[in-house]
Amino acid sequence: MKLSGKTAIVTGAGSGMGLAIAKLFAKEGARVVAVAGNVTKQDDIDKMVDTATNAFGSVDILVNNAGIMDNFLTVGEVTDEVWDRVLAVNLTGPMKLARAAIQIMDKQESGGVIINNASVGGLFGTRGGASYVASKHALIGLTKNIAATYGTFNKIRANAIAPGGVNTNIGATITAPSELGMRAIQGAGEAPIGEPEQIAKVALFLASDDSSFVNGDVLKADGGWTAR
Ligand SMILES: NC(=O)c1ccc[n+]([C@@H]2O[C@H](COP(=O)([O-])OP(=O)(O)OC[C@H]3O[C@@H](n4cnc5c(N)ncnc54)[C@H](O)[C@@H]3O)[C@@H](O)[C@H]2O)c1
């Protein structure tokens, strides 16, 4: 088992990729903290980290997976409310969780691993609306900053995953898509659709010692969508 004795916090583990990651990590021997909690609430963040440390004595892996979309709203269309909510869930929440987890990981001899579930929207301009694309680009920037500051001197590695199209519930939240935003993504061609379990295997690679020299990287898993 690749994660034997490790404690992992996985956000957004109620469905989709988070659920697949939590299940695979547990199968690989990890004690998974997949508590119900809102990543935009500091109290909930503290509770997630406290649960891991009190129940299992460590925080070895943090998977910032929870995320929301934005109906592909362009910068001319996005409201303050949508912008603030998307940035709060996709960027500020992961930063606060990383900040809390690092206090523990920094003191552990074995360090820790942070995995941020970004998106190909974090690498290209059209795979979401303005707020989604900006939040995922920034999440990748945050990942690199953590890797560069903690990874080179300590034993904390931080990497991002950039999935393409994956078969989850997130599509159901695209209720009133922007015409302009949709036109832009259609220009990128049809996306191959992967399954959450395929992304969970990428997360397992990044969480385990198999990737011990991988730090500050972004692993695309999009079935070749962006290779065209
Ligand atoms: N499905 C895709 O095609 C795709 C592609 C690229 C990236 N992603 C990213 O993958 C991640 C997982 O999404 P998914 O596709 O599995 O969708 P999903 O909707 O099935 O899962 C997202 C989870 O996040 C949770 N969540 C939402 N807001 C939250 C909050 N404030 N606090 C805590 N949890 C919250 C939801 O309850 C849900 O369980 C997201 O960050 C998403 O941006 C998805």
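Model, not experiment: these values are computed from the prediction. Atoms within a ligand are numbered from 1 in the order they appear, just like the ligands themselves.
For atom 37 (O) of ligand 1, no protein non-hydrogen atom is found at a distance below 4.0 Å.
The ligand atoms of ligand 1 that sit less than 4.0 angstrom from a heavy atom of G165 are 3 (O). Atoms of ligand 1 lying under 4.0 Å from any heavy atom of N169, numbered from 1 in the order shown and given with element: 20 (O). Shown in contact with Y132 at under 4.0 Å from a heavy atom are these atoms of ligand 1, numbered in order with element: 6 (C), 7 (C), 8 (N), 9 (C), 42 (C), 43 (O). Contact atoms of ligand 1 toward S119: 6 (C), 7 (C) (distance under 4.0 Å to a heavy atom of the residue). Close approach to G16 involves these atoms of ligand 1, each under 4.0 Å from a residue heavy atom: 16 (O), 20 (O). Set against the non-hydrogen atoms of G67, the atoms of ligand 1 under 4.0 Å away are 22 (C), 24 (O), 40 (C), 41 (O).
A heavy-atom distance below 4.5 Å is not found between the side chains of M69 and V86. For the pair I102 and I114, the minimum side-chain heavy-atom distance is below 4.5 Å. With a 4.5 Å cut-off on side-chain heavy atoms, L139 and N90 do not count as touching. The shortest distance between side-chain heavy atoms of V49 and I104 falls below 4.5 Å. Between L97 and V39 there is a side-chain heavy-atom pair separated by less than 4.5 Å. Within the 4.5 Å cutoff, the side chain of M17 has heavy atoms near those of the N117 side chain. A 4.5 Å side-chain heavy-atom check between L206 and V214 finds at least one atom pair inside the cut-off. Residues S178 and N71 form no side-chain contact, since every pair of their non-hydrogen atoms from C-beta on lies 4.5 Å or further apart.
The nearest protein atom to atom 3 (O) of ligand 1, hydrogens excluded, is given as V166 N, 2.9 Å; this is a heavy-atom distance. Nearest protein heavy-atom neighbour of atom 29 (C) of ligand 1: V89 CG1, 4.1 Å. Nearest protein heavy-atom neighbour of atom 44 (C) of ligand 1: M17 CE, 3.2 Å. Summary of contacts: the protein heavy atom closest to atom 32 (N) of ligand 1 is V39 N, 2.9 Å. Protein heavy atom closest to atom 14 (P) of ligand 1, with residue, atom name and distance, is T168 OG1, 3.4 Å. Summary of contacts: the protein heavy atom closest to atom 13 (O) of ligand 1 is I170 CD1, 3.9 Å. Scanning the protein for heavy atoms near atom 41 (O) of ligand 1, the closest one is N65 O, 2.8 Å. S15 OG, 3.4 Å is the protein heavy atom nearest to atom 21 (O) of ligand 1.
For the pair K2 and D210, the salt-bridge criterion is met [side-chain N within less than 4.0 Å of a carboxylate O]. Between E197 and K201 there is no salt bridge, since none of the side-chain N atoms of the basic residue sits less than 4.0 Å from a carboxylate O of the acidic one.
By the criterion of a heavy-atom distance under 4.0 Å, both the backbone and the side chain of N117 are placed next to ligand 1. When heavy-atom distances to ligand 1 are checked against a 4.0 Å cut-off, N38 comes that close through both its backbone and its side chain. Proximity of I68 to ligand 1, defined as any heavy-atom pair under 4.0 Å, is confined to the side chain (atoms from C-beta onward). Neither the backbone nor the side chain of R127 has any atom closer than 4.0 Å to an atom of ligand 1 (non-hydrogen atoms only).
Residues V82 and I170 do not share a hydrophobic cluster, defined by chaining ILVMFWY side chains whose heavy atoms lie under 4.5 Å apart.
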field: Pair S110-K155, side chain to side chain donor-acceptor pair (under 3.5 Å): steps then yes or no
entry: CA-CA 7 Å; S110 55; K155 292 185 201 144; over 6 Å; no
message: Go through it in stages, so that I can follow the logic: the residues are N159 and D217, the test is side chain to side chain donor-acceptor pair (under 3.5 Å), and I'd like the CA-CA distance, side-chain angles, deciding distance and then a yes or no.
response: CA-CA 5 Å; N159 291 290; D217 208 355; over 6 Å; no
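At least one N or O atom of K136, backbone or side chain, sits closer than 3.5 Å to an N or O atom of ligand 1.
Ligand 1 lies out of reach of M69, whose nearest heavy atom is not under 4.0 Å from it. Assignment of G164 to the shell around ligand 1 is supported, since a heavy atom sits closer than 4.0 Å.
Looking at A13, A172, G128, A66, it is A66 that brings a heavy atom closest to atom 26 (N) of ligand 1. Nearest residue to atom 9 (C) of ligand 1 from P94, A118, A34, G194 is A118 (criterion: closest heavy atom). Taking each of G12, G37, G18 in turn, the one with a heavy atom nearest to atom 33 (C) of ligand 1 proves to be G37.
Contacts classified as side chain to side chain donor-acceptor pair (under 3.5 Å) and involving residues 6-19 (residues at least two apart or in different chains) are given here: T7-R31, T7-S58.
Cluster partners of I193 are absent, since no Ile, Leu, Val, Met, Phe, Trp or Tyr has side-chain heavy atoms less than 4.5 Å from it.
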